[in-house]
Number of protein chains: 2
Amino acid sequence: MSPTPQERRAARHRLGTGSSAPAARRGPSGGRKRPITVDAIIGTAFGIVEKEGYEALTMRRLATELETGPSSLYAHVVNKEDLDELLIGRLCAEIDLPEPDAVTWRRQIIDVCTQLRDQYLRYPGISRAAFAAAPSNLDTLRVSEGMLAILLAGGIDPQTAAWAIDSLMLYVNAYSLEISLVNRRLSRSDHAWVVSRDELLDRFAALPDTFPHTKRYAEELTAGTTHDRFDFTLGLMIDGLPRQQRNP
Amino acid sequence: MSPTPQERRAARHRLGTGSSAPAARRGPSGGRKRPITVDAIIGTAFGIVEKEGYEALTMRRLATELETGPSSLYAHVVNKEDLDELLIGRLCAEIDLPEPDAVTWRRQIIDVCTQLRDQYLRYPGISRAAFAAAPSNLDTLRVSEGMLAILLAGGIDPQTAAWAIDSLMLYVNAYSLEISLVNRRLSRSDHAWVVSRDELLDRFAALPDTFPHTKRYAEELTAGTTHDRFDFTLGLMIDGLPRQQRNP
DNA sequence: AATGGACACGAACACCGTTCTACAATAGAA
DNA sequence: TTCTATTGTAGAACGGTGTTCGTGTCCATT
């Protein structure tokens, strides 16, 4: 009875293991070398995003990569939006969640966030899709559940923990998206609009006196190698948690 | 010598007041009732976004609203990206920055963030454009400068303040974008994918036992009227600041 | 062997951002 | 006042996007 893509999608938002048995292909596979499956679609989609960024992921490009036409994809996927959701789901499935520990919970939660960040950055721009992902997706819920478990093990008040998870995931998404966008601007530096840190420093130096602090602390404003800012913000949020244990 | 749009844009990133004199129209204006100006473009663009959301803002739609063809816009605006930047600039220009006060600095910084949030939410989805906005835009720099001034008045270490501003603005953007996306999903509830809080509660209740905490604390996870989560996160970040005054 | 159903796919639709080109109208020069 | 160069206006078109329709093709079952 092979479910339609719509049904598959609905199932992904209800209870279920998330990976229903591949269901031993029944229909025709044409003269194709490899039949088109949802997994194949997701796989090549990740390949495209990894190499060329999320912006390059179009239905046509994806179809070309699979050596078929665009319409063929719609037998397996409802939408581009649906494809996005599948990608985010797969990505979240890769996250491994530690056994919550009442002592090391801070490191644990930071570790999960870092995993998320690195996954997002591995596929540049994909965090854009994460924003639109509905909160009822099972794979993303699995990560939320894991983070909730960690915070609760740390003795955080449930309401605080729930909101904190939301904030953390939102920030990780936003941070990753911003990094990806900046990298993209750097890579296609033909128009070279905003660029290196040195140039930014120059520009800050050239500002009118209406910007006294920006000029004076240009060094600090443009500082931050690798992921210093990321660690800083996570620390800010997590260290602020315990003092809110009894939330009004 | 009327600058080209490219020159105008470049000027926006160098020093300048931001509003060069309107320069008394010289060229022809055809039989037009109202000539097309950058201000007119920005104005109607805001109108579209306010009524129909950022996704509805296309060059063609904008041209139609101005009773002209798409190509006419490119005499005043470099790109769609450029238009986005203009919109964000205008939006930031509306923010009013308080005189920094060493006592009330917490409320002041929260107030600025709230202003930003409300502006973003007034024009649903526009925060998407804010992500891409280059950090050298004068109008956005003005807001940064103001926030920096407030934090410094609060006695925060410059490096900490610089990073905190970054985090705060990033979070405000992300929060506004998320809210807008959720609202959009609610409004076009034909597909009614994810919906009311009640439905979300039901869905959480129907989860398998692999999600014990999510099921148990479904109430907390879905709680948060209006902007509770926003205030919570801002509080988290700001209250965490002073203890980092001496940053490594 | 025949049939039904699942799958693949080419063509097309409506839309997007952007560019090319020709056009009209004014401001200044003669 | 006439002429011309400048400059904003626009129509048409290009290459791209997501998505749908109808048709074709093959397999597994009867």
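Numbered from 1 within each chain, the chains take letters A, B, ... in sequence-line order.
Taking every side-chain heavy atom of B/K80 into account, C/dT18 is the closest of C/dT18, D/dA10, D/dT17.
Taking CE from A/M147 and CZ from A/R142, the interatomic distance works out to 12.5 Å, rounded to the nearest 0.5 Å.
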Practice task
Start with the C-alpha gap between A/Y54 and A/Y123, add the side-chain angles, then the distance that decides, and say whether side-chain contact (heavy atoms from CB on, under 4.5 Å) holds.
Solution key: CA-CA 7 Å; A/Y54 178 76; A/Y123 306 102; over 6 Å; no
Practice task
Determine, step by step, whether B/R117 and B/S176 satisfy the side-chain hydrogen bond (donor to acceptor under 3.5 Å, both in side chains) criterion, reporting the C-alpha distance in whole Å, the side-chain angles of both residues, the deciding distance to 0.1 Å, and the verdict.
Solution key: CA-CA 6 Å; B/R117 180 199 68 188; B/S176 307; over 6 Å; no
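Take A/Y120 and apply the ring pair (Phe, Tyr, Trp, His ring centres under 6.0 Å) test, not counting sequence neighbours, and it matches no residue. Every residue two or more places apart in sequence or in another chain that forms a side chain to side chain donor-acceptor pair (under 3.5 Å) with B/R229 is listed here: A/D166, B/E178.
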What's touching nucleotides 12-14 of chain C from the protein side, N or O pairs under 3.5 Å?
residue: C/dA12; atom: N6; partner: A/R60; partner atom: NH2; Å: 3.3

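Residue B/S72 has a polar side-chain atom (N or O) positioned under 4.0 Å from OP1 or OP2 of D/dA10. Close to C/dG17, at under 4.0 Å from its OP1 or OP2, lies no side-chain N or O of B/N79. Phosphate proximity of C/dA8 to A/T68: absent, as no side-chain N or O sits under 4.0 Å from OP1 or OP2. Close to C/dA8, at under 4.0 Å from its OP1 or OP2, lies a side-chain N or O of A/H76.
B/S71 comes within 4.0 angstrom of a base, heavy atoms only.
When the shell of 6.0 Å around CD of B/E55 is examined, it contains 12 or fewer heavy atoms from other residues, nucleotides or ligands.
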